[in-house]
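Step one of this worksheet: look at the structure below.
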Amino acid sequence: MARTSDWVEMDVVVTVKAYPQPSEAYREAVCVAGIRIDTPEPEWVRLYPVQFRDLPPAQRFRKWEIIRVRAAKHSTDRWLETWRPDVDSIERLRQIPAGGHWAERRALVEPLLGPTMCELYRGRKGGGEGPSLGLVPVAEMLSVTSEQADGWSAKQVALLSQSSLLGNSKRKLLEKPGHTFFYKWICPEPGCPGHRQSILDWEIGEAYRDWRNSGDPVNAVRQKWGTEMCSSERELFLFVGDQHQRPGGFMVLGTFWPRRVPDRNQLTLAVG
């Protein structure tokens, strides 16, 4: 446990909530990432672990919500952006609206936009100290594909069962979606060879489970993430994060897909 002097109170705009994962240390944990806005310049922050499903309803924040939380640096985590939150201290402040061209959201993310995905990979290659979080532009989305996913292992089921028994609410055992989805895309770097990355956004897991009643959740997800979000009317950017167990193995944590500003091809604050 961190010393009292190590705790820092911070205001964070939540941009990413990854799908919950079994953990030997934390039983069931969610990786939350966002933008810290109480500093002189906005900066990336990763909050881990968050046992989100154990939080009281009043503390269950949404994406694009500003929260205030106490956090301390992890003593052994090599990611500079990672902080261990005191989940009991979470205070929800306000939701940042979308609407139109997402003007307020754009203003928050623009200072942190980039570099390209190729640059992020180079920065982490060979254990490098480059950023482990980023918001990267998409030059061309090639496809959304899927692979059938294995269920939880016996060990993972045991961890999740323990988490359910010790949780603050009588909740069901965490379900693993039956498919994993991937983006195949090209970033703006000249000569980009293309990227294929799994999508870990909690939203996609929830959508998959909700749309099973439609009879074809895989197609429904592809329609949403591959057609609607990638429409020519939208500017598409991806929130990406490095893998703790596989440094340099970036995954897609979420999407940023505002309506395209007329006569402009890049993210900009100049919304009319």
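In this text the structure is predicted, and so the values were computed from the model without any measurement.
In this structure a side-chain-to-backbone donor-acceptor pair under 3.5 Å is missing from Arg209 to Glu206. Between the Ser23 side chain and the Ala25 main chain, a donor and an acceptor come within less than 3.5 Å of each other. A donor-acceptor pair under 3.5 Å is formed between the side chain of Arg105 and the backbone N or O of Pro97. A donor-acceptor pair is defined here as one N or O able to donate and one able to accept, closer than 3.5 Å; such a pair exists between the side chain of Arg234 and the backbone of Trp257. Lys73 places a side-chain N or O within donor-acceptor distance of the main-chain N or O of Leu80, the cut-off being under 3.5 Å. Not one N or O on the side chain of Lys17 forms a donor-acceptor pair closer than 3.5 Å with the backbone of Arg62. For Asp6 (side chain) and Ala72 (main-chain N/O), no donor-acceptor pair under 3.5 Å exists by modelled atom type. Although no hydrogens or angles enter the test, the distance criterion places no donor-acceptor pair under 3.5 Å between the side chain of Arg92 and the main chain of Glu65. At least one donor-acceptor pair under 3.5 Å links the side chain of Arg260 to the backbone N or O of Ser232.
Two residues are said to be in side-chain contact when any heavy atoms from C-beta on lie closer than 4.5 Å; Val8 and Arg36 meet this criterion. Counting heavy atoms from C-beta outward, Pro258 and Arg106 have side chains that approach closer than 4.5 Å.
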request  = Evaluate the side-chain contact (heavy atoms from CB on, under 4.5 Å) criterion for residues Leu238 and Thr255: first the C-alpha distance (whole Å), next the side-chain angles of each, then the deciding distance (0.1 Å), finally the verdict.
outcome  = CA-CA 5 Å; Leu238 303 178; Thr255 54; 3.8 Å; yes

ask   = Please walk me through it: do Glu203 and Lys224 pass salt bridge (Lys or Arg N to Asp or Glu O under 4.0 Å)?
value = CA-CA 11 Å; Glu203 271 186 21; Lys224 176 74 175 182; over 6 Å; no

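Note on Val144 and Leu142: separate hydrophobic clusters, where clusters join Ile, Leu, Val, Met, Phe, Trp and Tyr whose side-chain heavy atoms are under 4.5 Å apart, directly or indirectly. Cluster annotation: Leu174 is connected to Leu55 through the hydrophobic network of ILVMFWY side chains, with a link wherever side-chain heavy atoms come within less than 4.5 Å. A single hydrophobic cluster is not seen to contain both Phe182 and Trp211; linkage of ILVMFWY side chains at heavy-atom distances under 4.5 Å, directly or through other members, places them apart. Residue Met229 is grouped with residue Trp102 when hydrophobic side chains (ILVMFWY) are merged at heavy-atom distances under 4.5 angstrom, including chains of intermediate members. Ile186 and Val138 fall into different hydrophobic clusters, where Ile, Leu, Val, Met, Phe, Trp and Tyr are joined by side-chain heavy atoms under 4.5 Å apart, directly or via other members.
For Trp44, there are no ring pair (Phe, Tyr, Trp, His ring centres under 6.0 Å) partners at least two apart in sequence or on another chain.
Trp202 and Tyr19 have perpendicular rings, their planes meeting at more than 60° on a 0 to 90° scale where under 30° would count as parallel. The aromatic rings of His179 and Tyr208 sit tilted relative to each other, their planes meeting at an angle between 30° and 60°. Trp185 and His195 have tilted rings, their planes meeting at an angle from 30° to 60° on a 0 to 90° scale.
Rounding to the nearest 0.5 angstrom, the gap separating the CD1 atom in Ile35 from the CG atom in Leu112 is 5.0 Å. Here CE of Met117 is found 10.5 Å from CD of Glu189. Values are rounded to the nearest 0.5 Å. Atoms CG and CG, from Leu133 and Leu120 in turn, are 9.5 Å apart once rounded to the nearest 0.5 Å.
Residue-environment remark: NZ (Lys63) exceeds the threshold of 12 foreign heavy atoms within 6.0 Å.
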